[in-house]
Q: 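Got a structure for you, questions after.
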Amino acid sequence: MTTSSLTTTTRRSRLKRKSGWRGLVYIAPAMALVTIFFVLPVLFTLWMSLHKWPLLGEPAWIGLRNYTRMFTDARFFNALGFTAHYTLIVTIAIFAVAFPLALFVEKQRPLVSLYRTIVFLPVVVGLASASLLWVWLANVDSGLFAPLFAVLGLTADRINLLAKFDTAFMTIIVMVVWKIAGFTMIILLTGLQAIPRELTEAARIDGAGGWQRFRHLTLPLMRRTMALALILSVTGSILAFDQFYIMTSGGPQNKMISVVYYIFNQSFVSFNLGYGAALSIALLLILVTLSVVQLWLLKVGDERP
């Protein structure tokens, strides 16, 4: 190897090292934020979960007893079952509303910008504020829904929508869809607009109908975007708390206690902070597992080079 080749190789290695250090400097603020607001709290929660941690007094080391306790906690498994049921129903409902809306507003038509704005407006309302709004709307005396249903003949008399499990559950589902569908619509709209127009025009010229283009072109190319929307919807549904706490307080008959609501009760009502921390770690593992499974399913069927 000649001297010039050695000089060139040395110069390239120096440039690579400089580039690596420059990249670390650029990501350092983000790494600091993640460390401070995620990594350290998770580690502290893990440490708490290994203790009997009262609100007042000294924590006592108990090892894995908080984790073994949850396997015999029937109320925890009831909360898990309800959360899974809610997540399944609300995710399907959100996609059933958001996807047609995305297809509708994706095409250029009169007032399409106004339609997008109207659908997206509920997203900017906080979930707690939206829950309080719907509590008022569902109020049997001063709300809107009870007299409206009676006038339309849907009910024989004014009913309290939040008094029974079935009607309260459906009211919460409708509220969440009203609140979240616009956000999911925007994500799906981004995926639709990323599909090359040349492919759509070529399929149309080849004689493919609307359903064929949707099935064999739109859906395959939307797979990654739909997976992102699905992960966000599932994660948000599993972490649901505000709507159950504000609209029903876990009722009727404690049938609407989600996992996060149960963790809240254990931590800040019963003051079992150590057990609440263990439940939080278990919920984190569930979320990570579900996200990994969804990402793996996303890769299935990808074309290999």
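Not measured: the values here are computed from a predicted model.
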Q: Using the ring of each side chain (for Trp, its six-membered ring), is Phe264 parallel, tilted or perpendicular to Phe268, with breaks at 30° and 60°?
A: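 The rings of Phe264 and Phe268 sit tilted, inter-plane angle from 30° to 60°.
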Q: Could you work out, with side chain to side chain contact (heavy atoms under 4.5 Å, CB included) as the rule, every residue matching Leu284, not counting sequence neighbours?
A: Val42, Val288
Q: Mark yes or no for whether Asn66, through its side chain, and Lys52, through its backbone, hold a donor-acceptor pair below 3.5 Å.
A: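 Judged by distance alone, no pair lies under 3.5 Å.
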Q: Using ring centroids (six-membered ring only for Trp), state whether Phe99 and Phe95 fall under 6.0 Å.
A: no
Q: Can you list the other members of the hydrophobic cluster that holds Leu88, where links are side-chain heavy atoms under 4.5 angstrom apart?
A: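 Joined to Leu88, directly or through intermediates: Ile92.
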Q: Main chain of Ser249, side chain of Tyr261: is a donor-acceptor contact present, judged purely on distance under 3.5 Å?
A: yes
Q: So which of Asn78, Thr83, Asp73 actually passes side chain to side chain donor-acceptor pair (under 3.5 Å) with Tyr262?
A: Asp73
Q: Should Val140 and Leu162 be regarded as members of a common hydrophobic cluster, given that ILVMFWY residues are connected when their side-chain heavy atoms come within less than 4.5 Å of each other, either directly or indirectly?
A: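 Val140 and Leu162: separate clusters.
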Q: Counting only N and O atoms by type, is there a donor-acceptor contact under 3.5 Å from the side chain of Ser131 to the main-chain atoms of Ile246?
A: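 Answer holds: no.
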Q: Apart from Phe37 itself, what residues make up its hydrophobic cluster, given side-chain heavy atom links below 4.5 Å?
A: Leu33, Ile36
Q: Using modelled atom types only, decide if a donor and an acceptor are shared between the side chain of Ser233 and the backbone of Ala229 within a distance under 3.5 Å.
A: no
Q: Counting distance only, does the side-chain N/O of Arg158 pair as donor-acceptor with the main-chain N or O of Asp141 below 3.5 Å?
A: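 Confirmed, Arg158 side chain pairs with Asp141 backbone.
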Q: What class does the angle between the rings of Trp134 and Trp178 fall in, given that below 30° is parallel, 30 to 60° is tilted and above 60° is perpendicular?
A: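 Ring orientation of Trp134 relative to Trp178: tilted.
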